[in-house]
Amino acid sequence: MIVSNRGPLSFTTDDRGDLVARRGAGGLVSGLAPLMTGAEATWIASAISDGDRLAAGRGTMEAEGLRARLLAIDPETYRQAYDLVSNETLWFIHHGLYDLPRAPAFNGDFRDAWLAYRRLNERFAGAVAEDAPHGAVVLVQDYHLALMGHHLATDRPDLATVHFTHTPFAPPDWLGVLPDQVASEYLSGMAAFNACGFHTQRWADEFLANCRPRLVSPPRTFVSPLPADIDDARQTAASPACAAALAEIEQQVGDRRVIGRSDRIELSKNLVRGFLAYDDLLSRYPEWREQVVFVASVYPSRQGVADYVRYQDEVEDAVARINERWANPSWQPVILYTSDDYPRSVALLRRADVLLVNPIRDGLNLVAKEGALVNERDAVLCLSPEAGVWAELGAHALELQPFDVAGTADTLDRALRMPADDRRARATALREVVESRRPADWLADQMAAATG
């Protein structure tokens, strides 16, 4: 069984009111769904849309070769658990996003939200307990569902359970911002699984460092970075939609160099400082004016969280200022796309001469891997060591410190000037690392951890 907040199928209704299923989005789904197709496996997830809620009322559904059961959680319970706890609290804690003199302030509303988070986890655990065959392996994905382990260990001790965290893990000082009871319950919930997995040893070590002072007996831990879906990325790169998007980008940039980035508009991704670094590049290295275009394919995220809405405004304002300062009739310094369009993002990864990945903190970062797979110009990867993928790709990338705007500008300049032979060697090495693992390897690592 696979268990996650977002599932492999999403549902809408057609003109006749019949349910129509389509494959869900996201790295987890794209990596695991092909492996689950036709398998004896059930995927349990939240019902998010109105169509999903209709599907939830019909029990386990089969479509696209997948078997999924969606859970219709009470809307207010889901809002509190997902928005207030998962997105506004745990995500901020693990990524170090709080402005501590001002936030957080855990009042009675947060206590209510934590109870909702607990109820959501209980509901998921109950569904697994109902559906799982005797001795089944249950792979629970991410921080939304960290408390399920206790319930499954009590109600279904025959199950082999794994929790995999896709975010970074907070060091003890950061997790200590949470109320003591909440932090302890969160850690002990994870510790109740048979094993806990992480994308890098660094995040596993932080989890263990939190368990010791709170006297939580940790489970087995393992490290298994999620691979990019090689076939999916290359099929998208070869698609007509991607070709059309690439033609549009080529028309806009001409023969200029392209600094590319593809991301969610998300606080931890550090988009604004990336644009400020480009502004600094144009200011201190005037030879790049009119020779380089920064193309960003980014899309809104978590619009139910006020900080994210404000951050999108900051991103758009930063781009507007750069274009106002440097543009001329024949050159637009920044081209910004702000809609979720995967073929266009892949087209940008194909065209980029430099790929900028500068997160404040990131559990992994699949964009860096996908860029290595589809790029056609020996793009130089400029990478923050705060991305989990640094452990795999850092030796073949240019390192940048995510808060150092001037340093990032210098790194971009170095990337743009890099000799062709060096670019080619780095690009080849990146591609070989990425091609060395498949999603099936990641799934096998979880299965082995569950039964080991």
Side-chain angles (χ1 to χ4, degrees), residues 1-14 16-75 77-79 81-82 86 119-149 151-152 155-156 159-166 193 197 226 229 231-232 340 342 366 439-440 442-444 446-447 450:
M1 303 192 79
I2 308 292
V3 189
S4 62
N5 176 57
R6 286 191 179 273
L9 299 172
S10 62
F11 292 87
T12 57
T13 54
D14 61 19
R16 298 179 298 178
D18 294 330
L19 282 174
V20 178
R22 63 180 177 86
R23 181 72 58 87
L28 177 66
V29 171
S30 67
L32 278 184
L35 304 177
M36 296 296 102
T37 301
E40 293 185 11
T42 300
W43 197 318
I44 296 180
S46 297
I48 296 174
S49 67
D50 290 341
D52 289 350
R53 289 183 168 274
L54 287 173
R58 301 185 186 182
T60 302
M61 302 281 289
E62 295 193 23
E64 302 277 327
L66 297 164
R67 183 187 304 134
R69 178 182 173 186
L70 301 184
L71 303 183
I73 309 297
D74 169 72
T77 296
Y78 185 81
R79 183 192 71 81
Y82 182 71
S86 292
R119 289 195 300 274
L120 182 143
N121 275 257
E122 290 171 351
R123 176 72 186 283
F124 269 84
V128 172
E130 290 173 8
D131 286 6
H134 182 82
V137 173
V138 181
L139 308 180
V140 179
Q141 305 299 314
D142 228 358
Y143 62 104
H144 312 89
L145 301 169
L147 304 186
M148 288 179 60
H151 304 289
L152 295 177
D155 299 338
R156 290 293 306 273
L159 300 177
T161 61
V162 168
H163 184 275
F164 198 96
T165 299
H166 291 268
F193 288 88
L226 177 66
D229 189 328
D231 295 335
D232 182 66
D340 188 359
Y342 184 59
L366 282 175
W442 183 69
L443 178 61
Q446 292 183 76
M447 297 291 288

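These numbers come from a predicted model, not from an experiment. FYI, side chains are in, hydrogens and waters are out, and symmetry mates aren't considered; it's all heavy atoms of this structure.
- Here the side chains of F11 and M61 are in contact, with some heavy-atom distance below 4.5 Å.
- Side-chain atoms of R156 come within 3.5 Å of backbone N or O of P133 as a donor-acceptor pair.
- Under the 3.5 Å distance criterion, the side-chain polar atoms of H163 are matched with a main-chain donor or acceptor of D142.
- For the pair L19/T13, a side-chain contact is recorded, criterion being any heavy-atom separation below 4.5 Å from C-beta on.
- In this structure, R53 CZ and L71 CG are separated by 10.5 Å, a value rounded to the nearest 0.5 Å.
- A distance-only check finds no donor-acceptor pair linking the side chain of D18 to the backbone of D14 [under 3.5 Å].
- In terms of heavy-atom proximity, D229 sits nearest to P439 at CA-CG, 4.1 Å.
- The shortest side-chain heavy-atom distance between E122 and L147 does not fall under the 4.5 Å cut-off.
- No donor-acceptor distance shorter than 3.5 angstrom exists from the side chain of R79 to the backbone of D74, with no hydrogens or angles considered.
- A pairwise comparison of heavy atoms in H151 and A125 identifies CB-CB, 3.6 Å as the closest pair.
- Note: S10 OG to L70 CG = 9.0 Å, rounded to the nearest 0.5 Å.
- Applying the ring pair (Phe, Tyr, Trp, His ring centres under 6.0 Å) criterion to Y78, with sequence neighbours excluded, gives Y82.
- M36 has its side chain within reach of L443: a pair of non-hydrogen atoms, C-beta onward, lies under 4.5 Å apart.
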Can you give me every donor-acceptor pair (side chain of residues 40-47, partner residue at least two apart or in another chain, under 3.5 Å) with its distance?
unit_1	atom_1	unit_2	atom_2	d
W43	NE1	S4	OG	2.8
S46	OG	N5	OD1	3.1

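- Not counting sequence neighbours, the partners of H166 by the ring pair (Phe, Tyr, Trp, His ring centres under 6.0 Å) test are F164, H199, W442.
- Summarising the geometry, atom CD1 belonging to I2 is positioned 4.5 Å from atom CG belonging to L139; distances are rounded to the nearest 0.5 Å.
- Rounding to the nearest 0.5 Å gives a distance of 9.5 Å between CE of M148 and CG of L120.
- Taking a 6.0 Å sphere around CG of D50, one finds it holds 12 or fewer heavy atoms contributed by other residues, nucleotides or ligands.
- Inter-residue side-chain proximity for Q446 and Q141 is flagged as met; some heavy-atom pair is nearer than 4.5 Å.
- The distance from atom OG1 of T60 to atom CG of L66, rounded to the nearest 0.5 Å, is 12.5 Å.
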